[in-house]
Amino acid sequence: MAIISIVFPLIFMAVLGYILTIRSVFSKEQIGGISLFTFYLCIPAFLFINMYQADLNKSFDIRALISFYLPVLVTYGIGFLLFYFVRRGQYQRISNSAAYALGCSYSNTILVGLPIIVGALGQEMMGNVFIIITFHSALLFSLTFILALSRSKAEFKAGPFIKGIVFNPIVMSISLGLAFNLLKIPLANNLASGIDLLSQPALACALFVLGANLSFYKIAKDWKLALMASLVKLIFLPALVYALGLLFKLDPNLLAVLVLLSASPLGINAYLIAIQVQAQQAVIASTVVLSTVLCVFTMSFWLSVLL
């Protein structure tokens with residue numbers, strides 16, 4: 001019952017977004033407006049205020065970073081080789097394997113990971129979450145671009161890419177919150193209250209937008225590849241994180257944060273990267289849908305193991 005009480009509100013918001021969009025109550029343009037409000041205002045406010053209030057003395061643990069990122073990189077490598085051997089003799093561009101590897105290892109930490117962690121562990125674990133996810137997109141996206149373009153005539157332009165990462169609303173809000181926290185810069189009470197008010201609908205809006213966006217993606221013919229990537233993402237990766245966390249004897253709550261982040265489904269941003277490198281767009285879009293649906297069951301499993 002405890003697990004149902006954690007998962008049900010999240011499923012409810014995502015299903016609500018899906019149903020209202022598929023029934024044309026909200027158009028694609030209207031969902032786009034809600035997405036902009038969510039990702040450029042609400043979520044950055046949520047990340048900033050929680051990072052600003054986080055107890056950093058309990059947040060940074062090098063063992064936690066290793067326990068999360070080493071399995072992520074191992075899974076990325078396995079996904080790369082998996083696609084190469086499954087599709088032996090076909091589609092042997094490195095960009096295809098790189099895009100598929102991203103689909104096996106990139107987590108939807110903001111839309112799914114955060115709400116589940118808040119529901120299961122409370123907001124006091126937010127500092128740990130932000131320390132972990134700060135480098136997540138930059139690492140995997142950079143690796144995918146470099147591999148995908150290594151044998152392509154297209155040139156990898158580091159400047160615009162770095163600028164896009166640095167000025168990303170998620171990275172900026174976490175970085176500013178961290179800077180204000182470390183430098184002990186006070187916030188005026190009225191300003192803090194305003195930011196806190198803006199942050200309150202963040203998780204609900206994120207889940208609503210997630211469900212709405214699922215209505216725009218379809219399962220492709222290569223659903224078997226998408227299913228394989230989903231299982232690697234939802235079961236194999238968090239199992240590796242769990243095993244390494246146990247080996248390092250991490251605090252149970254910190255271990256739970258790492259596993260739940262890694263057990264989150266594939267993020268929609270992976271599809272946008274697949275479009276940019278022109279590789280496996282249909283498979284990645286299908287993996288976004290399948291992994292998001294399947295995570296209802298796999299997240300329940302991991303919650304039962306961790307709590």
Side-chain angles (χ1 to χ4, degrees), residues 60-88 92-110 112-113 117 128-129 131-150 165 224-252 254-267 269-271 273-274 277 279-280 283-284 287-288 290-292 294-295 298-299 301-302 305-306:
F60 185 81
D61 189 331
I62 189 65
R63 298 173 305 160
L65 290 172
I66 295 172
S67 297
F68 182 81
Y69 280 106
L70 182 57
V72 165
L73 290 174
V74 168
T75 304
Y76 188 98
I78 289 173
F80 188 95
L81 294 174
L82 193 60
F83 183 87
Y84 184 87
F85 287 110
V86 167
R87 289 298 192 184
R88 183 187 292 273
Q92 287 303 324
R93 289 190 301 141
I94 287 181
S95 57
N96 285 317
S97 293
Y100 191 76
L102 182 66
C104 292
S105 55
Y106 179 69
S107 298
N108 196 339
T109 55
I110 300 299
V112 179
I117 289 169
N128 299 100
V129 173
I131 294 297
I132 296 298
I133 67 176
T134 299
F135 314 104
H136 183 235
S137 295
L139 174 65
L140 292 178
F141 292 172
S142 299
L143 185 57
T144 302
F145 272 118
I146 291 170
L147 287 173
L149 300 178
S150 61
I165 292 294
K224 292 181 180 179
L225 278 173
L227 178 61
M228 187 165 55
S230 298
L231 295 177
V232 170
K233 177 70 200 65
L234 300 175
I235 298 175
F236 180 76
L237 174 56
L240 278 184
V241 172
Y242 184 65
L244 199 54
L246 289 178
L247 183 65
F248 280 127
K249 298 180 180 179
L250 295 179
D251 174 80
L254 178 56
L255 177 59
V257 167
L258 300 180
V259 173
L260 293 175
L261 285 175
S262 64
S264 299
L266 178 63
N269 283 339
Y271 175 66
I273 298 300
V277 299
Q280 298 303 303
V283 171
I284 297 302
T287 306
V288 170
L290 275 176
S291 63
T292 303
L294 291 175
C295 86
T298 56
M299 273 294 192
F301 166 77
W302 287 115
V305 170
L306 297 164

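Just so we're clear, the structure is a prediction, and the values are computed from it rather than from any experiment.
Between Leu231 and Phe236 the shortest side-chain heavy-atom distance does not fall below 4.5 Å. Side-chain atoms of Leu244 and Leu247, non-hydrogen and from C-beta on, do get closer than 4.5 Å to each other. Using a 4.5 Å heavy-atom threshold, the side chains of Val257 and Phe68 count as separate. Counting only heavy atoms from C-beta outward, the side chains of Val283 and Thr287 approach each other to under 4.5 Å. Within the 4.5 Å cutoff, the side chain of Leu102 has heavy atoms near those of the Phe141 side chain. In this structure the side chain of Ile110 reaches within 4.5 angstrom of the side chain of Ile133, judged on heavy atoms. Between His136 and Leu261, every side-chain heavy-atom pair lies at or beyond the 4.5 Å cut-off. Within the 4.5 Å cutoff, side-chain heavy atoms of Met299 are placed close to those of Ser264.
With hydrogens and angles ignored, the 3.5 Å screen pairs a side-chain donor or acceptor of Ser291 with a backbone N or O of Leu266. A donor-acceptor pair under 3.5 Å links the side-chain atoms of Lys233 to the main chain of Ser262, judged by distance alone. Of the possible donor and acceptor atoms, none in the side chain of Tyr106 sits under 3.5 Å from a partner among the backbone N and O of Asn269. A donor-acceptor pair under 3.5 Å links the side-chain atoms of Tyr100 to the main chain of Leu225, judged by distance alone.
In terms of heavy atoms, Ser97 sits closest to Phe83 at OG-CD2, 3.5 Å. Here the closest heavy-atom approach between residue Ser95 and residue Ala279 is recorded as O-CB, 3.4 Å. Residue Ser67 comes nearest to Leu250 through the heavy atom pair OG-CD1, 3.7 Å, listed as atom of the first residue, atom of the second, then distance. Shortest non-hydrogen contact noted between Lys249 and Arg63 is O-NH1, 3.8 Å. Considering every non-hydrogen atom in both Tyr76 and Ala98, the closest pair reads OH-O, 3.4 Å.
Here the options are Leu73, Val232, Leu140, the test is side chain to side chain contact (heavy atoms under 4.5 Å, CB included), and the partner is Ser105; only Leu140 passes. In summary, of the residues considered (Thr292, Leu290, Val288), a side chain to side chain contact (heavy atoms under 4.5 Å, CB included) with Pro265 occurs for Thr292 alone.
Rounding to the nearest 0.5 Å places CD1 of Ile94 at 12.5 Å from OG1 of Thr144. Atom CG of Leu240 sits about 6.5 Å away from atom CD1 of Ile78, to the nearest 0.5 Å. Atoms CD1 and SG, on Ile284 and Cys104 in that order, are 7.5 Å from each other to the nearest 0.5 Å. Atoms OG1 and CD1, on Thr298 and Ile235 in that order, are 6.5 Å from each other to the nearest 0.5 Å. Rounded to the nearest 0.5 angstrom, Ile132 CD1 and Ser107 OG are separated by 11.5 Å. Between atom CG of residue Leu258 and atom CG of residue Leu254 there is a gap of 5.0 Å, rounded to the nearest 0.5 Å.
Heavy atoms from other residues, nucleotides or ligands lying under 6.0 Å from CZ of Phe135 number 12 at most.
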